[in-house]
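Here's the structure, in structure tokens; my notes come after.
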Amino acid sequence: MYDARDIEKKWQDRWEASKIFEANPDPKKEKKFMTIPYPYASGPTHIGHGRSDVNGDVFARYYRAKGYNVLLPMAFHITGTPVLAISSSIERNDDKMLERMRSYVSLHTSNKQKVEKVVKSFTDPWNVVKYFSETIKIDLKSIGMSIDWRREFTTGDKLYNKFIEWQFLKMKNEGYIEKGNYPILFCPRCNNAVGEDDIANGDELDLNINEFTCIKFPFEDGFLVPATLRPETIFGATNLWINPKGIYVYALVNGEKWIISDEATSLLRTQGKNIEILEKFEGKNLIGKKVKAIHNNAELPILPGTFVDTSTATGVVYSVPGHAPYDYIALIDLQKNDKLLNQFHLSKNEISEIQPINIIELKEFDDFPAKIYCEKFEVQSQDDKEKLDKATVANYKNEFYNGFLNEKCGKYNQKPVQEAVKLVINDLIQDGQAAKIYIPITRALKCRCGEKIFVTILQDQWFLNFNAADWKKKALECLNRLEIIPKKYRQNFVNVFHWLEKRPCARKRGLGTKLPFDKNWIIESLSDSTIYMSFYTIIHIINRNKIEADQLIPEVFDFVFLEKGDVIKISQLSEIPKNVLSEMREEFSYWYPVDHRHTAIMHISNHLSFYIFHHAGIFPEKYWPRMITLIEPLIVEGQKMGKSKGNLISLAEIREKYSTDLFRFYISHGADLGVSMDWREKKIQSVSSHIDKFYSFVKDNITKSKEIDLKIEDIESDYSKLILSKMIKSFMNAANALKNFNLRKYLQIGFYETFNLIQEFKKNAENESEFIVVLSILIPDWLKLLSLTIPHVCEELWEYAGMEGFVSNTLWGDFNEKYIDQDIENEYDYISNIIKDILNIQKIAKTQNNDKIFIYTSPRWKIDALKIIISKKGDFDLILTEFKKNSEVMKNKQLIPFIKAQIKNRVWETTYQDIEEEELIKKFINLIEKRVGRPIVLNSSCDPTGKALKANPFKPAIYIGD
RNA sequence: GCGGGAAUUGCCAAGUCUGGUCAAAGGCGCUGGACUCAGAAUCCAGUCUCGUAGGAGUCCGGGGGUUCAAAUCCCCUUUCCCGCACCA
């Protein structure tokens, strides 16, 4: 056993003191710029982050071991609302948030008073940021990350703001940014846009917004205005529905006279419409009157519909009984209901003449879809809300994805419904026959402040337009050159790129950087994190030279990143010394582009895509990213990890509960990149004992080797040479697995396979001194190999073995490749196969205790024949022709069956081993006897069952008997 | 729905790109043995079916195809997982 905590602290401190992970440009060395996304500083990091962090660190250490100059930097993300949400919740003493923050802070201190003090300080957002960035840094150091911390920053720093301002000015100049209207959720009391964090139960509710089209049916001197999600069905409208008991109004809406429900007026007001209510009245007053259709001259009656909800949209519905189950059933209800007809003085004849109109062609539907779906879901009346909702969804889905409008729809004839919806909306709005309103999908959304949330329309929202100019083309080109591992994710990127259209890139509140050309806006959190890797290359120079934010004028970044402008002029403008500007430019051009970015697949459709777009849009090709590796998410005991589930494991706990090397090993070996990792407590415990064993085994052998005065050159036994050869080969295989970033395979071979091999060898080794010497050759390479994953243990053993410097800083070299001896390995494989066969026979056949084992090697003629078969690559005719040259051989009756059998086995494809079988068996006879526990008799004339005849080359015959 | 991914022998999981060396790595579990008073741990052996001779048969979600040869390539199908925009 060893004390992990001590060892880890010791080496982490030494690494820091010796600055071995601080990377500086070195023109003589090839560079690798490796990045992992920076963590969000609103809470502690957990093992999910830990997986990508450790992966990234292992890759960085791998690059170092291969001789690259490696930069692995880290910073903190604080942009947006989460930090503000923490502060405001603490401010108003929100119990849940207080509890959460207490538990977070308790991870790093057990002093309750201190916890309370820290949590109280969170009323200031910057204290939140400061606290979490500091503790996350502690956590990252504690898991052995080989980070150059000189380059740390937060996205709220003034210096960073200047950098992002430059980025957005640049994007604006390129034409990637534009203004437009945008509907968002809004809280009138907070007078703010609201997101998931601000909404009660926001994480569980559907926060999407529905876009309704209000259609203006001419009525009297104004319009009766129903709202719909399906404006394409306007061609199938037969009547309108009004709730007779509802309160409706005549109102001037932006100067036009509309009839809508009373409740709808406040909704329209919030969406920027100017409303003046002229008169309120009950819905029943409208019943029986008629509106004019908008697509032809038909007159549509206004009928009573109790299902109409005046608080939804405009409180007016137009009826499409052919395609809407609600409308269909309401029509049937009315036609049957004489009482109701009488009550509203409606003509029974007229109403019963109303027929659904079919406007959508649907395969295999010979009746109105609304009718079919009503029957399918057994709808009885318009009050069967539950069934009607289901029928409506099913009906709509089918029509939307499979339907085509028919000849009744004029110029939209034969258009797929999916397409027609957009066309109809655009045309109606263009012609002034409709307007849009927006309504949250979830009704009665409440802000955390208690106020009801509604949708408002931002008139001047800033968007990134991914379709602007040739931006997308460039991004696709960048993607084309980019290596994506595992490959299976590439298609995903391609599809996302095509799907990306516009993205709002600024918000009204939150931490971050103000839009340089419109200071009312703050750049949104994903948009300010796309090219930040370039900032790592210069931030330490900015800090070291005490450059102020004001000095970071756009010209500075143009010069550093884009090689534009005159250094003397820029130096004068910015008051940054010329040599500092040049240093920044040189450092940037040394490290850029990012060679390797590693993160989780969930970022493909947002961050990683923006990462590529923004690089492609801003930087010249030579600075475009080179490679992305991806991991699937981490789950805990088969369950998603989450705050609400209470199964979140933070990195701070790792340090206490397990050990860093154990964590690093387990998380690296637990799953391949493209597979989700299941964290299992039981498993991690068994890995723990494996590492302990490894440590003691290596340490013991180092101790022993110090007492033995023998040189590797003095090694004599073939078995020792075999050990060396096999182990070195395994090292190389393990190292090869890393070339493809296959961590699991690397550890499977580099740790388990080698460890098993070495233990088997130890058991069978004849000469212990030789074994120890062999190990002393192997151990340094083994430590180098494993130091990527378990660096602390390896450093400790490295030091114990008396090696120079840090193993973390040592090149791999060729792992003593010169000791690989294929001949010895072939011989050993041959003997192993014989032993395996004997054991197999012993298992099946009931042999006696006093049995001997007879081995018969292949007769000479078979070996000769085999050579011919192999030389002719199994072509039967050619082989026979060859044999016919020698009539003696052809007399052998066993020849043809032998040839056929060998052809069937495709022997020419297996490596032909040039082995003298009898000699070899003699040489290893002791080993064989030891393993099978019986005496061996080789090529004896005693052969009671005629086995000797069956001996084949490299497959000697075996007989067990006495 | 759109887009992406996955399905392997009790469970987890390699292998699939690049077809043959694949009854198919490794781990867990289980069975037997060693050690032990006993348990834990550790070590050894076995773990699709059949087999008193190193073998044979069947098998990689289901169905079809290509090939001398398919877990691997092609087509169809079923089931499951993930992403879908102002949320970091």
Side-chain angles (χ1 to χ4, degrees), chain A residues 37 39-40 42 77-83 85 182-185 193 195-198 202-203 207-208 396-398 400-402 418 458 461-464 466 486-496 498-508 510 524-527 529 601-607 609-610 632-633 635 638 640 669-672 674-676 678 680 682-683 686-687 689-690 693 742 744-745 747-749 752-753 756 759 763 833-834 836-847 874 903-907 909-911 945 947 950 955-961:
Chain A
Y40 205 88
S42 64
H77 196 199
I78 69 164
T79 309
T81 52
V83 169
Y182 195 72
I184 51 156
L185 296 175
E196 195 179 295
D197 293 321
D198 314 302
D203 47 343
L207 300 182
N208 284 313
Y396 181 50
K397 260 192 186 166
N398 193 2
F400 186 75
Y401 293 107
N402 307 317
Q418 232 175 117
L458 293 177
Q461 172 71 56
W462 290 98
F463 288 91
L464 295 174
F466 296 109
K487 283 187 217 144
K488 65 180 181 183
Y489 298 117
R490 174 174 293 278
Q491 193 54 41
N492 216 328
F493 275 95
V494 174
N495 288 317
V496 168
H498 287 298
W499 161 78
L500 282 170
E501 284 177 20
K502 284 186 179 181
R503 180 187 172 85
C505 60
R507 300 187 68 182
K508 285 286 189 186
E524 170 273 335
S525 68
L526 283 178
S527 301
S529 304
I601 53 163
M602 63 179 289
H603 296 126
I604 291 175
S605 64
N606 42 60
H607 165 71
S609 290
F610 305 153
E632 296 259 339
I635 53 178
K640 261 190 192 170
H669 181 253
D672 279 333
V675 172
S676 72
D678 192 0
R680 290 188 184 270
K682 213 172 163 185
K683 201 113 186 216
S686 71
V687 173
S689 69
H690 301 157
K693 269 199 277 179
N742 196 335
R744 191 178 157 83
K745 194 169 178 185
L747 286 171
Q748 191 64 38
I749 299 173
Y752 287 109
E753 195 179 292
N756 289 342
Q759 288 180 98
K763 213 181 297 168
N833 283 335
I834 294 176
K836 219 186 282 167
D837 278 349
I838 295 170
L839 290 173
N840 202 358
I841 296 168
Q842 283 181 326
K843 195 179 76 197
I844 296 158
K846 285 170 187 156
T847 57
I903 290 174
K904 198 183 163 201
N905 287 338
R906 306 176 69 85
V907 284
E909 284 175 4
T910 57
T911 19
T945 54
K947 284 280 175 194
K950 292 185 178 167
K955 184 106 180 142
I958 295 161
Y959 169 73
I960 304 180

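In what follows, chains are A, B, ... by sequence order, proteins preceding strands, each numbered from 1. None of these values were measured; they are calculated from a predicted model.
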Pairs under 3.5 angstrom, nitrogen or oxygen only, protein versus nucleotides 3-10 of chain B, please.
from: B:G3; atom 1: O3'; to: A:Asn495; atom 2: ND2; distance (Å): 2.9
from: B:G3; atom 1: O2'; to: A:Asn495; atom 2: ND2; distance (Å): 3.3
from: B:G4; atom 1: OP1; to: A:Asn495; atom 2: ND2; distance (Å): 3.3
from: B:G4; atom 1: O2'; to: A:Asn492; atom 2: ND2; distance (Å): 3.0

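- B:U31 and B:C81 have their C1' atoms separated by 35 Å, given to the nearest Å.
- Residues passing the ring-ring contact (aromatic ring centres under 6.0 Å, His included) test with A:Phe466, sequence neighbours excluded: A:Trp471, A:Phe610, A:Phe613.
- Counting non-hydrogen atoms under 4.0 angstrom, A:Pro183 reaches nothing in the nucleic acid.
- The same atom, P, is picked in B:U72 and in B:C17; the two are 9 Å apart, to the nearest Å.
- Under the rule for a side-chain contact (heavy atoms from CB on, under 4.5 Å), the partners of A:Ser529 that lie at least two apart in sequence or sit in another chain are A:Tyr38, A:His77, A:Tyr532.
- Straight-line distance from the CG atom of A:Asp672 to the P atom of B:C12: 16 Å, rounded to whole Å.
- Take A:Gln491 and apply the side-chain contact (heavy atoms from CB on, under 4.5 Å) test, not counting sequence neighbours, and it matches A:Val494, A:Asn495.
- If A:Ser689 and A:Ile78 are placed on RNA chain B by their nearest nucleotide, the residue sitting closer to the 5' end is A:Ser689.
- Under the rule for a salt bridge (Lys or Arg N to Asp or Glu O under 4.0 Å), A:Lys745 has no partner lying at least two apart in sequence or in another chain.
- For A:His669, the ring-ring contact (aromatic ring centres under 6.0 Å, His included) partners two or more places apart in sequence, or in a different chain, are A:Phe665, A:Tyr752.
- Listed nucleotides: B:A14, B:G54, B:C43. Nearest to the side chain of A:Lys955: B:G54.
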If you restrict it to nitrogen or oxygen atoms, what contacts under 3.5 Å exist between nucleotides 80-85 of chain B and the protein, and what is each distance?
from: B:G83; atom 1: O2'; to: A:Ser605; atom 2: OG; distance (Å): 3.0
from: B:A85; atom 1: O2'; to: A:Arg503; atom 2: NH1; distance (Å): 3.4

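- Of the nucleotides present, none pairs with B:C17 by Watson-Crick or G-U wobble criteria with both distances under 3.5 Å.
- Across all strands shown, B:G1 forms a Watson-Crick or G-U wobble pair with B:C84, both key distances being under 3.5 Å.
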Return the polar atom pairs (N/O with N/O) between nucleotides 24-31 of chain B and the protein under 3.5 Å, or none.
from: B:G26; atom 1: O2'; to: A:Gln748; atom 2: NE2; distance (Å): 2.7

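- When each of B:G54, B:A14, B:A53 is scored by its nearest atom to the side-chain atoms of A:Tyr959, the top-ranked nucleotide is B:A53.
- Here A:Arg490 pairs with nothing under the salt bridge (Lys or Arg N to Asp or Glu O under 4.0 Å) rule; sequence neighbours left out.
- Contact of A:Asp837 with B:G54 (side chain to base): a donor-acceptor pair of N or O atoms is detected under 3.5 Å.
- Listed by chain and number, the residues in a side-chain contact (heavy atoms from CB on, under 4.5 Å) with A:Lys502 are A:Glu178, A:Phe463, A:Asn465 (sequence neighbours excluded).
- In this structure A:His498 satisfies the ring-ring contact (aromatic ring centres under 6.0 Å, His included) test with no other residue, sequence neighbours excluded.
- Counting to the nearest Å, the P atom of B:A45 and the NZ atom of A:Lys763 are 7 Å from each other.
- With a cut-off of 3.5 Å on both Watson-Crick or G-U wobble distances, the partner of B:U42 is given as B:A34.
- With sequence neighbours excluded, no residue forms a salt bridge (Lys or Arg N to Asp or Glu O under 4.0 Å) with A:Asp672.
- Within the structure, every side-chain polar atom (N or O) of A:Lys836 is placed at least 4.0 Å from both OP1 and OP2 of B:A45.
- For the P atoms, the distance linking B:C75 with B:U18 amounts to 15 Å, nearest Å.
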